[in-house]
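Heads up, the thing below is written out as structure tokens.
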Amino acid sequence: MTSHDLPAALGGKPAFSKPFRAYQPIGREELDAAVAVLKSGKLSGFIGAWVPEFYGGPRVRRLEERWARYFGVRHALSVNSATSGLYAAIGALGIEPGDEVIVTPTTMSATVTGIVLYQAVPVFADISPDTFCIDPAEVERLITPRTRAIIAVDIYGATADWRRLRGIARRHGLQLIEDSAQSLGGRYLGRRSGTFGDIGVFSLNRHKHIHCGEGGLCVTDDDRLAERIRLIRNHGEAVVGARGTKDIVNILGFNFRMNEVEAAISLEQLKKLEGLVRERIKISDAVRDAFRGLEGITVPEVPAGMRHVYYYLCLKLDPRKAGLSRKAFVQAMNLEGVPLREGGYEPIYYQPMYQRKIAFGRKGYPFTAPYYRGKADYRRGLCPVAERMWERELFYFPTQSSMPCAAEAARMGPAARRILRHAAAVEKRLAAHGR
Ligand SMILES: *Cc1c(COP(=O)(O)O)cnc(C)c1O
């Protein structure tokens, strides 16, 4: 056998000798826009009192106007991160201590932390093994008289099953938050991702489809929720008196304000969103094609009518069919020069805060908080699909940072095939090196 037939893990020549192009959406337009703000000397327009500047500076307001128009919603509210946006959304909905909020375990931790911040209780519902978004049947099973809201995440660039989630919410009188940090530019059921919940939340941090450094937006069609988010964003407790606001539960304010530099950059980024997303989809489709038809590897199909925007390009490996572990396969592909990674998101309830119930009182299970009468628990085994994806099956190509061209994508297939052809030897060799 020539070394040409061998995977790099067994001494063959690596398929790629240099890294793929990095994802870089920032250009000349953003630079000029930021410089113009700096030259003006007025880097933020916000004042935390009931004056016209309560609503922020001119670029912040322009961004909110353009964002609302682009997404076809009544209101867009800028914030300094999606984390802040999620906190503000939970506050705005009136979630109170002891309420239960059903949420996916497969997400970035901030999706869940806001629930704890308002002393409510996260109840984790398992995910679909195809889209990795929350499974509506699991949500419905977990509803109790204490359930107030559902937070679903449009994870990895897919969009959650909002048709069913909205039906469940309507039937049970629940509120919906959509964390769409990873699905900017996505679509489903003829609508833009992020516009399905009572409140949708987007991120503009540097890992997302478009960014301004740190930033985010909430969207809603509800005038009352929009104003509550504005109050939570900007020192609401100091504003409601003069404003004459009666509805003040949870209107303890933060400083979640976006500055004018970030807004100026975001305005330019929004113009580029569609082009950037199209390019991302084209590249992701080429990578998907490269991994099709390989023994033991599944390329998840995108549900009909969904525009997937590939925050990550997720794939699955069946260790029995592939003849090697996910760890060995991913390592062997890394040796070929393909930056695959294992796992995606660790189920949130694996975090020490949930395992040790730190946020809920010191005596552990059952909850000791005086206001909580339920019995949420965070034992391993709670969400078997989310756990299996994290521990054994899911791996991904980081489309959010790495942009191979079509020809490079095509060469990933033969590289993977060489590894799978020598699966047992690769597993043995990598194990021997102590990994
Ligand atoms: C990035 C991200 C967040 C948090 O966004 P920030 O703007 O960094 O606070 C929340 N949820 C998901 C799913 C994310 O990917």
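Below, each value reflects all heavy atoms present in this structure, side chains not excepted, and no hydrogens, waters or symmetry copies.
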Please confirm whether the backbone N or O of [Y] pairs with a side-chain atom of [X], one donor and one acceptor, at under 3.5 Å?
X: Arg192; Y: Leu184; result: no
X: Asp126; Y: Ala386; result: yes
X: Ser402; Y: Pro398; result: no
X: Glu138; Y: Ile127; result: no
X: Thr147; Y: Glu100; result: no
X: Arg411; Y: Ala15; result: yes
X: Asn334; Y: Val330; result: yes
X: Arg228; Y: Ala92; result: yes
X: Asp198; Y: Leu176; result: yes
X: Glu178; Y: Thr195; result: yes

Taking the inter-plane angle between the rings of [X] and [Y] on a 0 to 90° scale, is it parallel (under 30°), tilted (30 to 60°) or perpendicular (over 60°)?
X: Phe196; Y: Trp162; result: parallel
X: Phe16; Y: Phe20; result: perpendicular
X: Tyr378; Y: Phe124; result: perpendicular

Arg326 and side-chain hydrogen bond (donor to acceptor under 3.5 Å, both in side chains): which single residue from Glu393, Glu391, Gln331, Glu342 fits?
Glu342
Name the one of His209, Glu30, Lys208 that satisfies side-chain hydrogen bond (donor to acceptor under 3.5 Å, both in side chains) with Gln269?
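Only one option passes, and that is Glu30.
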Looking at side-chain heavy atoms only, is the closest gap between [X] and [Y] below 4.5 Å?
X: His207; Y: Gln182; value: no
X: Thr107; Y: Ile151; value: no
X: Val116; Y: Pro122; value: yes
X: Phe395; Y: Ile297; value: yes

Please determine if Arg292 and Asp289 form a salt bridge, counting it only when a charged side-chain N lies under 4.0 Å from a carboxylate O.
yes
Salt bridge present between Lys42 and Glu53 (N-O < 4.0 angstrom):
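Here Lys42 does not pair with Glu53 in a salt bridge, since their nearest N and O are not under 4.0 Å apart.
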Tyr87 ring center near Phe254 ring center (under 6.0 Å)
no
Between Phe71 and Phe202, does the ring centroid distance fall short of 6.0 Å?
yes
Taking atom types as modelled, find out whether [X] and [Y] have a side-chain donor-acceptor pair closer than 3.5 angstrom.
X: Ser180; Y: Ser183; value: no
X: Thr111; Y: Asp179; value: yes
X: Ser81; Y: Glu214; value: no
X: Glu387; Y: Tyr350; value: yes

Would you please test Phe329 and Ile419 for side-chain contact (heavy atoms from CB on, under 4.5 Å) and show each step?
CA-CA 7 Å; Phe329 178 74; Ile419 293 165; 3.9 Å; yes
Audit row: Arg233, Met258, side-chain contact (heavy atoms from CB on, under 4.5 Å) steps and yes/no:
CA-CA 9 Å; Arg233 163 176 83 178; Met258 177 182 275; over 6 Å; no
